Amino acid sequence: MAMTPHIQAIERAVRILGLFRHDEPYLTLPQLTERSGLGRASTHRYATALRREGLLRYDEARNVYSLGPRLLGLASVAMASLRVVSIAGQHMDRLAHELNETVVLSVIDGGAAMIARVSEAPRRDVRISPRLGTRLEGGSAQGQLIAALSTSDGSGLDPEVAERVRATRMATLVDGNFGIIAAPVFQGGTLVATMAVIGFRDDVSDTTTDKIEALRRTADDVSAELGGDV
């Protein structure tokens with residue numbers, strides 16, 4: 001069935017908004033046109049409408065568009081409405097204080113992990129603070145959890161990695177100077193989020209069993225409160 005004009009307009013507007021990324025927060029009209037697959041006139045028309053609603057901004061000096069301030073309010077409301085975020089908050093703060101490491105909650109969004117809440121290490125001179133709203137790639141520890149636990153074939157993961165993640169219900173990763181361990185959060189038997197501890201690689205790894213067990217316990221506590229499968 002063909003989309004009605006109103007539904008098609010919403011789909012195109014969302015497509016344009018989705019073109020902006022953390023590494024590309026500014027886009028020109030030609031870039032929006034090429035990446036959206038719409039004609040120049042249609043792209044300009046949608047961009048103008050989104051500007052009127054505060055969903056896009058336009059910098060006339062640089063001839064670039066960026067996401068508008070109204071999205072900040074919408075994002076905060078969306079995050080607040082997610083039950084897992086509100087329940088996990090106090091658990092994350094306690095874990096960050098106990099381990100003196102940064103704790104990150106990522107919700108499942110379109111098969112990927114998106115950072116929804118961060119509890120920073122309270123007694124570190126150098127803070128590790130991932131940006132809210134960042135979508136994490138499939139190769140991240142969080143992405144490994146999603147691929148291994150949400151799909152039957154591991155969605156492109158190395159079979160040994162997928163098997164290990166399924167067996168332990170944990171994922172670990174060393175990324176440069178940093179180490180990440182991640183655990184799943186369930187609601188009603190469905191994977192809805194991941195909780196991760198992030199620190200310097202000497203402090204957080206697959207050998208720091210005390211931190212792995214503390215993370216596992218905390219993620220299971222959140223799952224239990226959500227009515228999940230622990």
Side-chain angles (χ1 to χ4, degrees), residues 1-89 104-119 129-147 150-151 155-156 175 182 185 187 190-196 198:
M1 180 182 296
M3 287 189 293
T4 67
H6 288 99
I7 294 175
Q8 187 179 64
I10 294 171
E11 187 270 340
R12 289 177 173 179
V14 171
R15 189 193 313 170
I16 289 173
L17 293 174
L19 296 174
F20 296 90
R21 300 167 56 92
H22 280 290
D23 56 352
E24 278 191 301
Y26 303 102
L27 295 173
T28 64
L29 182 60
Q31 287 174 319
L32 290 174
T33 300
E34 178 184 358
R35 298 179 190 187
S36 68
L38 303 174
R40 183 181 178 88
S42 293
T43 304
H44 184 264
R45 186 168 64 251
Y46 280 102
T48 300
L50 291 168
R51 285 177 63 194
R52 281 199 302 266
E53 298 301 322
L55 300 175
L56 280 184
R57 290 186 299 178
Y58 181 65
D59 185 336
E60 294 185 3
R62 300 167 58 200
N63 294 320
V64 293
Y65 290 88
S66 61
L67 295 178
R70 189 173 179 189
L71 286 172
L72 294 174
L74 293 173
S76 65
V77 173
M79 291 300 184
S81 69
L82 292 173
R83 186 163 172 254
V84 63
V85 177
S86 61
I87 287 177
V104 177
L105 183 78
S106 303
V107 296
I108 312 302
D109 178 53
M114 184 179 71
I115 297 176
R117 194 183 191 282
V118 177
S119 295
S129 186
R131 288 178 293 191
L132 294 176
T134 299
R135 290 177 67 86
L136 303 172
E137 301 297 331
S140 65
Q142 294 92 329
Q144 291 178 20
L145 272 177
I146 295 170
S150 297
T151 62
S155 255
D175 184 5
V185 176
Q187 181 174 359
T190 300
L191 180 67
V192 295
T194 66
M195 186 179 294
I198 302 176

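Note that the coordinates shown come from a computational prediction; the quantities given were computed from them, not determined experimentally.
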(request) Grab the two heavy atoms, one from Leu105 and one from Val85, that are nearest each other, plus how far apart they are. (result) CD2-CA, 3.9 Å
(request) Only counting residues at least two apart or in another chain, list the ones meeting side-chain hydrogen bond (donor to acceptor under 3.5 Å, both in side chains) with Thr48. (result) none
(request) Supply the atom-to-atom distance Thr43 OG1 to Gln31 CD, rounded to the nearest 0.5 angstrom. (result) 12.0 Å
(message) Do Leu56 and Leu67 make a side-chain contact, defined as non-hydrogen atoms from C-beta onward lying under 4.5 Å apart?
(response) yes
(message) Side chains of Asn63 and Tyr58 only: does a donor on one sit below 3.5 Å from an acceptor on the other?
(response) yes
(request) Search all heavy atoms of Pro130 against all heavy atoms of Val118 and return the closest pair with its distance. (result) O-CG2, 3.5 Å
(request) Mark yes or no for whether Arg15, through its side chain, and Ser36, through its backbone, hold a donor-acceptor pair below 3.5 Å. (result) yes
(request) Could you tell me whether the side chain of Arg117 and the main chain of Val84 form a donor-acceptor pair under 3.5 Å? (result) no
(request) Please round to the nearest 0.5 Å and tell me the distance separating atom CG of Leu71 and atom CZ of Arg57. (result) 10.0 Å
(request) Find the distance between CD1 (Ile16) and CD (Glu11) and round it off to the nearest 0.5 Å. (result) 9.5 Å
(message) Can you tell me how far apart CD1 (Ile108) and CD1 (Ile146) are? Round to the nearest 0.5 Å.
(response) 3.5 Å
Anything under 3.5 Å between a donor and an acceptor, one on a side chain of residues 18-27, the other on a protein residue two or more places apart or in another chain? List them.
from, atom 1, to, atom 2, distance (Å)
Arg21, NE, Asp23, OD1, 3.2
His22, NE2, Thr134, OG1, 3.3
Glu24, OE1, Arg35, NH1, 2.8
Glu24, OE2, Arg35, NH1, 3.3
Glu24, OE2, Arg35, NH2, 3.2

(request) Please name the pair of heavy atoms, one in Thr33 and one in Gly39, separated by the smallest distance, quoted to 0.1 Å. (result) CG2-C, 3.8 Å
(message) Measuring only between side-chain heavy atoms, which start at C-beta, is Tyr65 closer than 4.5 Å to Arg51?
(response) yes
(message) So Arg40 and Pro30, do their side chains get closer than 4.5 Å, heavy atoms only?
(response) yes
(message) For Ala112 versus Leu136, what's the shortest heavy-atom pair and its separation?
(response) CB-O, 4.3 Å
(message) Show the nearest heavy-atom pair for residues Ala196 and Gln142, with the distance to one decimal.
(response) CB-NE2, 3.6 Å
(message) Within the 4.5 Å heavy-atom criterion, are Val192 and Val107 side-chain neighbours or not?
(response) no
(request) Enter the distance from Leu17:CG to Leu32:CG here, rounded to the nearest 0.5 Å. (result) 9.5 Å
(request) Looking only at non-hydrogen atoms, find the nearest pair between Ser150 and Leu191 and report the distance. (result) OG-CD2, 3.4 Å
(request) Rounded to the nearest 0.5 Å, what's the gap from CG on Leu145 to CE on Met195? Could you check? (result) 12.0 Å
